[in-house]
Amino acid sequence: MAAALVRAPLPLGPAAERRRCLVRSAALPSAVDTASTSGRVNIAGGASNILPAEQLTEGQRRKLELQAQAAAALAADNAWWQDDADAPANFITARTPAEYKALIMGAAPTQLVVVDYLKPSCNACRRLSPKLKQIAASNPETLFIKVNVDTEEMRELGEGMQVAHLPWFHLFLAGDLRASFSANVTSVATLRAEIAANKLCTDPACDVY
């Protein structure tokens with residue numbers, strides 16, 4: 001069963017090629033390279049422009065301060081996807097491939113697992129996040145797992161699971177991949193429909209075939 005988790009993802013349809021958010025690394029180059037052991041600061045990114053910190057002009061110091069503030073603001077802005085106190089209890093994050101596998105394979109056989117692949121810089125992912133929390137809250141018996149594919153480990157996992165565009169979703173039941181599709185804030189009905197179609201009904205009134 002564990003092998004099927006990784007080696008049997010559903011093929012992606014041609015429509016997925018038109019999605020705007022691609023799963024690829026997006027390293028942000030730093031304009032400031034600080035060498036703490038030497039007390040030198042690289043302002044322009046080139047070795048020829050390295051100056052001792054004490055020789056920086058007031059303008060250069062101000063520039064470094066602004067760069068640091070911008071970097072901190074960007075980091076805070078990109079934290080939107082992380083777990084918070086308002087998130088439902090069934091809306092959690094898998095930070096490593098081992099956690100990802102354990103959460104999916106450890107779910108009860110009748111529990112649907114929805115995996116949301118995202119990137120902090122993906123605007124479509126960000127816009128969908130509030131809706132996804134609402135869907136998780138209205139489906140407490142379903143486990144929702146967030147996977148940030150912007151880290152090296154999880155990016156490799158996403159590629160192995162054939163996640164090529166974002167936002168992307170996988171639905172698992174008893175460790176088997178039941179659905180693979182993309183959905184955004186304008187097509188959130190697709191996500192709701194897939195959950196309804198794949199979730200097992202445990203109500204005695206349900207017909208069992």
Side-chain angles (χ1 to χ4, degrees), residues 1-16 19 21-24 81-83 87-120 122 124-125 128-129 131-184 187-209:
M1 184 178 297
L5 174 63
V6 175
R7 298 189 311 185
L10 299 181
L12 304 182
R19 302 293 179 186
C21 294
L22 301 178
V23 177
R24 60 181 60 158
W81 65 276
Q82 297 184 11
D83 298 334
N90 60 327
F91 193 58
I92 60 179
T93 301
R95 301 186 183 277
T96 66
E99 288 182 5
Y100 171 91
K101 182 177 180 179
L103 287 169
I104 294 173
M105 304 307 296
T110 58
Q111 184 179 34
L112 183 67
V113 179
V114 178
V115 181
D116 169 29
Y117 300 91
L118 59 89
K119 253 171 91 168
C122 172
C125 304
L128 182 61
S129 183
K131 289 286 186 184
L132 193 56
K133 287 182 181 180
Q134 293 175 7
I135 294 173
S138 63
N139 292 272
E141 72 286 352
T142 299
L143 178 62
F144 290 77
I145 303 173
K146 294 176 292 182
V147 174
N148 175 17
V149 294
D150 206 24
T151 67
E152 183 175 355
E153 273 192 320
M154 302 311 275
R155 180 169 61 251
E156 290 177 357
L157 183 147
E159 291 171 353
M161 294 300 291
Q162 297 187 11
V163 176
H165 297 78
L166 300 176
W168 197 266
F169 292 89
H170 280 159
L171 271 60
F172 292 91
L173 191 64
D176 295 326
L177 183 60
R178 304 296 291 266
S180 179
F181 58 93
S182 184
N184 54 41
S187 60
V188 69
T190 300
L191 175 58
R192 296 182 189 273
E194 289 288 353
I195 292 174
N198 287 280
K199 184 170 61 174
L200 293 182
C201 180
T202 58
D203 191 300
C206 292
D207 291 331
V208 180
Y209 297 94

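These numbers come from a predicted model, not from an experiment.
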For Leu157 and Val149, what are the C-alpha separation, side-chain angles and deciding distance, and is it a side-chain contact (heavy atoms from CB on, under 4.5 Å)?
CA-CA 8 Å; Leu157 183 147; Val149 294; over 6 Å; no
Working note: Ile195 + Phe169, criterion side-chain contact (heavy atoms from CB on, under 4.5 Å); need CA distance, chi angles, decisive distance, verdict.
CA-CA 11 Å; Ile195 292 174; Phe169 292 89; over 6 Å; no
Would you say the side chain of Leu143 lies within less than 4.5 Å of the side chain of Ile92, judging by non-hydrogen atoms?
yes
Does the side chain of Trp168 come within less than 4.5 Å of Met161's, by heavy atoms?
no
Could you check Asn139, Thr110, Thr142 and say which one makes a side-chain hydrogen bond (donor to acceptor under 3.5 Å, both in side chains) with Lys199?
Asn139
Lys131 atom NZ: more than 12 heavy-atom contacts under 6.0 Å:
no
Taking all non-hydrogen atoms of both residues, which atom of Pro120 and which atom of Asp150 are closest, and how far apart?
CD-CB, 3.9 Å
What one should report as the nearest heavy-atom pair of Asn90 and Pro140 is ND2-CA, 3.6 Å
Can you find a pair of side-chain heavy atoms, one from Asn198 and one from Leu173, that are under 4.5 Å apart?
no
Counting distance only, does the side-chain N/O of Ser138 pair as donor-acceptor with the main-chain N or O of Gln134 below 3.5 Å?
yes
Report the C-alpha separation of Asn148 and Met154 in whole Å, then their side-chain angles, then the decisive distance to 0.1 Å, and conclude whether the side-chain contact (heavy atoms from CB on, under 4.5 Å) test is met.
CA-CA 7 Å; Asn148 175 17; Met154 302 311 275; 5.8 Å; no
What distance do Asn184 atom CG and His165 atom NE2 have between them, rounded to the nearest 0.5 Å?
12.5 Å
For the residue pair Phe172 and Tyr100, does the interplanar ring angle fall in the parallel (under 30°), tilted (30 to 60°) or perpendicular (over 60°) class?
perpendicular
Is there side-chain contact between Leu118 and Leu128, with at least one heavy-atom pair below 4.5 Å?
no
Residues Val113 and Ala107: closest non-hydrogen pair is CG2-CB, 3.6 Å
Closest heavy-atom contact between Lys119 and Cys125?
N-SG, 4.0 Å
Pro167 versus Ala124, closest heavy-atom pair with distance:
CD-CB, 3.7 Å
Please tell me if the side chains of Ile135 and Phe144 come closer than 4.5 Å, counting only heavy atoms from C-beta onward.
yes
Quick one, Phe91 with Leu132, criterion side-chain contact (heavy atoms from CB on, under 4.5 Å). Give me CA distance, side-chain angles, the key distance, then yes/no.
CA-CA 9 Å; Phe91 193 58; Leu132 193 56; 3.7 Å; yes
Any side-chain heavy-atom pair from Phe181 and Glu194 closer than 4.5 angstrom?
yes
First locate atom OG of Ser180, then atom CG of Leu171, and finally report the distance between them rounded to the nearest 0.5 Å.
9.5 Å
